[in-house]
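One is the number of the first residue; the rest follow in order along the sequence. Note: hydrogens, waters and symmetry copies are ignored here, and every other heavy atom, side chains too, is used.
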Amino acid sequence: RVVAVEVAGLTIASVYVPNGGKDLDQKLRFLEALAAWTADLHARGRAVLLCGDLNVARADIDVHPKERKPRAIGQLPEERALFERLLEAGLVDVTRHLHPDDDALFTWWAPWRNLRQRNIGWRIDYVLASAALTSRLAASVVQREVGTSDHGPLVVTLGEAGGAV
């Protein structure tokens, strides 16, 4: 699912990528289409913010060592390659840009064995921003302690002359 709005030359999209457990091919097609859509927006001069549950752990650093399984859906090489196509389409992974070496930064925890409390999780929720917005990236915080979902809210702040937006 994608819901998008255009505000002052910026396309903001809330995205949910299917997890792929029932239909991996559908997930891969969705990621391909998302990368093509993003590239098209950039080709038309639009700045983009993609926000949401992409259901892909971008790299091993984005999965707790106890959860790393190279053949698990969400960690498959073909999923990660399609995620990288989003970045090649001109997007920046905001959280990893601001926290390049944080290996304990997760946004999802399986709802058993107290994994959330022990911070044994995956980073599958993202804000991806057009490279042109990089200079405005001010903060990215996962609010692990907030809510009852198996995901923690990801809050990103873009700075601008005169304050945050």
K.L.:
Could you walk me through whether E6 and R46 pass the salt bridge (Lys or Arg N to Asp or Glu O under 4.0 Å) check?
P.N.:
CA-CA 9 Å; E6 295 187 14; R46 307 290 304 184; 2.9 Å; yes
K.L.:
Quick one about W108 and D53 (side-chain donor to acceptor, distance below 3.5 Å, no hydrogens or angles considered), yes or no?
P.N.:
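No, because no side-chain N or O of D53 sits under 3.5 Å from a partner of the opposite role on W108.
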K.L.:
Is there a salt bridge (Lys or Arg N to Asp or Glu O under 4.0 Å) between R80 and E78? Walk through the geometry before answering.
P.N.:
CA-CA 5 Å; R80 288 178 171 176; E78 55 268 38; over 6 Å; no
K.L.:
Among D93, D102, D103, which residue meets the side-chain hydrogen bond (donor to acceptor under 3.5 Å, both in side chains) test with R123?
P.N.:
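Going through the options one by one, the only one that passes is D93.
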K.L.:
Report the C-alpha distance between D101 and R96 in whole Å, list the side-chain angles of each, state the deciding distance to 0.1 Å, and finish with yes or no for salt bridge (Lys or Arg N to Asp or Glu O under 4.0 Å).
P.N.:
CA-CA 8 Å; D101 301 317; R96 195 51 70 206; over 6 Å; no
K.L.:
Between V15 and L154, is there a shared hydrophobic cluster once you connect ILVMFWY residues whose side-chain heavy atoms come closer than 4.5 Å?
P.N.:
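No, it is not one cluster - the side chains of V15 and L154 are not joined through contacts under 4.5 Å.
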K.L.:
Determine whether I124 and H151 satisfy the following criterion, side-chain contact (heavy atoms from CB on, under 4.5 Å), listing intermediate values before the conclusion.
P.N.:
CA-CA 9 Å; I124 59 173; H151 294 257; 3.7 Å; yes
K.L.:
With side-chain contact (heavy atoms from CB on, under 4.5 Å) as the test, pick out the partner of Y16 among V2, N55, L54.
P.N.:
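For Y16, the side-chain contact (heavy atoms from CB on, under 4.5 Å) test succeeds with only one of V2, N55, L54, which is N55.
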K.L.:
H42 and S130: side-chain donor and acceptor closer than 3.5 Å?
P.N.:
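There is such a pair (donor and acceptor under 3.5 Å, judged by atom type) between the side chains of H42 and S130.
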K.L.:
With hydrophobic residues grouped by side-chain heavy-atom distances under 4.5 Å, do I12 and L158 end up in a single group?
P.N.:
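As far as the 4.5 Å side-chain criterion goes, L158 and I12 are connected within one cluster.
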K.L.:
Hey, could you give me the CZ/CG distance between R68 and D62, rounded to the nearest 0.5 Å?
P.N.:
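The CG atom of D62 is 9.0 Å from CZ of R68, to the nearest 0.5 Å.
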K.L.:
Under the side-chain contact (heavy atoms from CB on, under 4.5 Å) rule, what do N119 and H64 come out as? Steps first, then yes or no, please.
P.N.:
CA-CA 8 Å; N119 199 29; H64 188 279; over 6 Å; no
K.L.:
Please test L128 against F83 for side-chain contact (heavy atoms from CB on, under 4.5 Å), starting from the C-alpha separation and ending with a verdict.
P.N.:
CA-CA 11 Å; L128 305 178; F83 189 103; 4.1 Å; yes
K.L.:
Do L28 and V56 belong together in a cluster built from hydrophobic side chains that touch within less than 4.5 Å?
P.N.:
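Yes; tracing contacts between hydrophobic side chains, which count when under 4.5 Å, links both residues.
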K.L.:
Which value, rounded to the nearest 0.5 Å, describes the distance between R58 atom CZ and T95 atom OG1?
P.N.:
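So the CZ of R58 and the OG1 of T95 are separated by 10.5 Å.
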K.L.:
For residues L87 and L31: do they belong to one hydrophobic cluster (side chain heavy atoms under 4.5 Å, members Ile, Leu, Val, Met, Phe, Trp, Tyr)?
P.N.:
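Yes; tracing contacts between hydrophobic side chains, which count when under 4.5 Å, links both residues.
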K.L.:
Could you tell me if the side chain of R118 sits less than 4.5 Å from the side chain of R113, heavy atoms only?
P.N.:
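R113 reaches R118 side chain to side chain.
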K.L.:
Nearest 0.5 Å, please: how far is NZ in K27 from CD in E79?
P.N.:
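If I round to the nearest 0.5 Å, the distance is 3.5 Å.
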K.L.:
Rounded to the nearest 0.5 Å, how far apart are CH2 of W122 and CH2 of W109?
P.N.:
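It is 13.5 Å, given to the nearest 0.5 Å.
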K.L.:
Cluster question for you: counting only ILVMFWY and a side-chain heavy-atom cut-off of under 4.5 Å, with indirect links fine, are L133 and L98 together?
P.N.:
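Linked within one cluster.
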K.L.:
Kindly compute the distance separating CG (L91) from CG (L49), expressed to the nearest 0.5 Å.
P.N.:
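Interatomic distance, L91 CG to L49 CG, rounded to 0.5 Å: 9.0 Å.
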K.L.:
From L86 CG over to L34 CG, what is the distance, rounded to the nearest 0.5 angstrom?
P.N.:
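So the CG of L86 and the CG of L34 are separated by 5.0 Å.
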